[in-house]
Amino acid sequence: MELDLDTKHLLASLLEKPEMVSHTHANILSELIQKYPYYQPLHLLLAKATVNESNANETLATASFYNNGNIIHQLIHSPEVLVVESDEV
């Protein structure tokens, strides 16, 4: 399954700057998870996108199943910490 160019750009920008994720991205992230259920970053981004929604517990539980709890906490509460500058690598 190939992603269209707009979806690729959106996903790349959300992965690059996770602090930009909002509830408006929840639908597309859910669709991507249906296509790529084992891609861990999608679960993290969906958990962040739905943190204030009614299904927050479900998406957080799923994200914690696929990822480290510390990463989920940082992504939701201080996502800027997760961004690594290219000169720091």
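In this text, all values refer to a predicted model and were calculated from it rather than measured experimentally. We count residues from 1, following the sequence as given.
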- Message: Let's go through T50 and H23 carefully: what are the C-alpha distance in whole Å and the side-chain angles of both, what is the deciding distance for side chain to side chain contact (heavy atoms under 4.5 Å, CB included) to 0.1 Å, and is it a yes or a no?
- Response: CA-CA 6 Å; T50 60; H23 69 279; over 6 Å; no

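- The line from CG of L14 to CD of E19 is 10.0 Å long, rounded to the nearest 0.5 Å.
- Here the closest heavy-atom approach between residue A26 and residue L46 is recorded as O-CD1, 3.6 Å.
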- Evaluation steps, side chain to side chain contact (heavy atoms under 4.5 Å, CB included), between L10 and H25: CA-CA 9 Å; L10 176 64; H25 299 111; 3.9 Å; yes

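- In this structure the side chain of I33 never reaches within 4.5 angstrom of the side chain of T62, judged on heavy atoms.
- Distance check, rounded to the nearest 0.5 Å: CG of L29 to CD of E31 gives 9.5 Å.
- Closest approach of L15 and P18 over heavy atoms only: O-CD, 3.8 Å.
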- Message: Could you go through L5 and H9, starting from their C-alpha distance and side-chain angles, then the distance that decides it, and tell me whether this counts as side chain to side chain contact (heavy atoms under 4.5 Å, CB included)?
- Response: CA-CA 6 Å; L5 194 56; H9 286 297; 3.5 Å; yes

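- Going from atom OG1 of T59 over to atom CG of L45 covers 11.5 Å, rounded to the nearest 0.5 Å.
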- Query: So N27 and S30, side-chain hydrogen bond (donor to acceptor under 3.5 Å, both in side chains) or not? Walk me through it.
  - Reply: CA-CA 5 Å; N27 286 337; S30 294; 5.5 Å; no

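- Side-chain contact between L11 and I28 is absent, with no heavy-atom pair separated by less than 4.5 Å.
- Within the model, atoms NE2 of H43 and OH of Y38 stand 9.0 Å from one another, a figure rounded to the nearest 0.5 Å.
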